[in-house]
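Quick caveat: nothing in here was measured; it's all calculated off a predicted structure.
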Amino acid sequence: MDFPFDLNALFPERITVLDNNLSAGRRAHGRPDPLQISTVIDELGNASSKAQQLPASITSAAKLQANRHHLYLLKDGEQNGGRGVIFGFLKVGYKKLFLLDQRGAHLETEPLCVLDFYVTETLQRHGYGLELFDFMLKHKRVEPEQMAYDRPSPKFLSFLEKHYDLKNSVPQVNNFVVFSGFFQSRSVVQLRKVHPKKPEGEIKPYSLMEREVVREEQRVLPWPFVHPAGPPHSPPLLPSSPQSRSLSVGSSPSRAPLCPAAAPRTPSSQLNDSCRAKRTSAKHFSSSPLSFFFSSFHLQL
């Protein structure tokens, strides 16, 4: 892939390593233009996503600056009239992953991962990809089976099997691919076992939005679902008083059983009650001092 500016001024070596500062190590021809470096990275990322039929580019200058990744650029400085051409690139970085080993146990680790790998279509099967990959392995001092591979294409998997004999992959639930040697070559310090959750699951806190919904529901729910804070309760009344019975029936959720209703009154019972009341009032009148005074006055007359 060629560009309308001098690539040798941007990338002085055959393989240049770029970090999140977009710096290219030693500089052969003064200070490189950061805009031109960003243009090269963006064009390579777009070409890689198109070759892999991805919906969006996973490599760009902005993404490289936002992460602690390394980008390896391979160029030939003699082609394109001495301005050079780019053969391909390789992007790697460390990722914290939850993986499954051969027995299905969950492990937490942070390996070096291959995040993007691209060689120009017209220059593939010429050894440029192998040259780029071997340079990265020596620079990072890592073995191919110790790495994880993010969504490798069928061509990349064939490349790994042909040159590094990586063919027995361990199935994962994410987009990363690891091989059987990944778990055998790593120490216990690098791999940390993740204990499975309890069967009942963990109680997770509400999110902010869910908390607001709960607050709104608590504002509008009627009694007895919500008990709003009110004035202090008055002292309870005695159970024998009629006031306490009326309050307990009208306001308590656990109501006491009501007394059985009185039998209907007949005319004869009403007449008996009236006579009984007259006799009672007469008895009270005759026993009072006033009745004794009137009886004495009557005898004197």
same_hphob_cluster([X], [Y]) at 4.5 Å side-chain heavy-atom cutoff:
X	Y	value
Tyr118	Ile58	no
Phe135	Val119	yes
Ile15	Leu137	yes
Leu54	Leu71	no
Leu22	Phe5	yes

Quick one: does [X]'s side chain have a donor or acceptor within less than 3.5 Å of a partner on [Y]'s backbone?
X	Y	value
Lys63	Ser57	yes
Ser48	Leu44	no
Gln102	Val170	no

Atom [atom1] of [X] and atom [atom2] of [Y]: how far apart are they, to the nearest 0.5 Å?
X	Y	atom1	atom2	answer
Phe182	Glu143	CZ	CD	13.5 Å
Tyr94	Leu115	OH	CG	11.5 Å
Leu7	Gln36	CG	CD	8.5 Å
Leu10	Ile37	CG	CD1	5.5 Å
Leu90	Leu74	CG	CG	10.5 Å
His69	Asp19	NE2	CG	12.0 Å

Quick one: closest heavy-atom pair of [X] and [Y], and the distance?
X	Y	value
Cys113	Leu97	SG-CD1, 4.1 Å
Gln146	Val142	OE1-CG2, 3.4 Å
Ala56	Ser49	O-CB, 3.7 Å
Phe3	Thr39	CE2-O, 4.3 Å

Donor-acceptor contacts, no H, no angles, side chain residues 148-161, under 3.5 Å, sequence neighbours left out:
| unit_1 | atom_1 | unit_2 | atom_2 | d |
| --- | --- | --- | --- | --- |
| Tyr149 | OH | Pro144 | O | 2.6 |
| Ser153 | OG | Phe156 | N | 3.3 |
| Ser158 | OG | Pro154 | O | 3.0 |

Side chain to side chain contact (heavy atoms under 4.5 Å, CB included) between Ile86 and Thr120, intermediate numbers included: CA-CA 8 Å; Ile86 300 294; Thr120 306; 6.0 Å; no

Glu131: which residues meet the salt bridge (charged side-chain N to carboxylate O under 4.0 Å, His left out) condition with it, sequence neighbours left out?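 Partners of Glu131 by the salt bridge (charged side-chain N to carboxylate O under 4.0 Å, His left out) criterion, ordered by chain and then number, come out as Arg14.
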
Could you tell me which residues satisfy salt bridge (charged side-chain N to carboxylate O under 4.0 Å, His left out) with Arg141, sequence neighbours excluded, listed by chain and number?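 Here no residue qualifies.
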
Do we see a donor-acceptor contact under 3.5 Å between the side chains of Ser180 and Gln184?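 No.
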
Could you tell me which residues satisfy side-chain hydrogen bond (donor to acceptor under 3.5 Å, both in side chains) with His139, sequence neighbours excluded, listed by chain and number?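 Counting only residues at least two positions away or on another chain, His139 forms a side-chain hydrogen bond (donor to acceptor under 3.5 Å, both in side chains) with Tyr72.
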
What side-chain hydrogen bond (donor to acceptor under 3.5 Å, both in side chains) pairs are there with at least one residue in residues 79-91, not counting sequence neighbours?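 Listed once each, the pairs are Thr59-Lys91, Asp76-Gln79.
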
Any side-chain hydrogen bond (donor to acceptor under 3.5 Å, both in side chains) pairs touching residues 162-175, not counting sequence neighbours?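 Found Asp134-Tyr164.
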
Just wondering, do Leu100 and His106 contact through their side chains at under 4.5 Å, heavy atoms?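 Side chain of His106 against side chain of Leu100, heavy atoms only: contact under 4.5 Å found.
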
Within a radius of less than 6.0 Å around CD of Glu121, do more than 12 heavy atoms belonging to other residues, nucleotides or ligands occur?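 Counting neighbours around CD of Glu121, more than 12 heavy atoms of other residues, nucleotides or ligands fall under 6.0 Å, so yes.
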
Neighbour count >12 (heavy atoms, 6.0 Å) for atom NZ, Lys140: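 Check passes, neighbour count above 12.
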
Between Phe183 and Leu107, is a side chain to side chain contact (heavy atoms under 4.5 Å, CB included) present by the stated rule, with each step listed? CA-CA 10 Å; Phe183 302 98; Leu107 301 173; 3.8 Å; yes

Could you give me the CA-CA distance, side-chain angles and deciding distance for Leu18 and Phe89, then say whether side chain to side chain contact (heavy atoms under 4.5 Å, CB included) is met? CA-CA 10 Å; Leu18 299 177; Phe89 76 95; over 6 Å; no

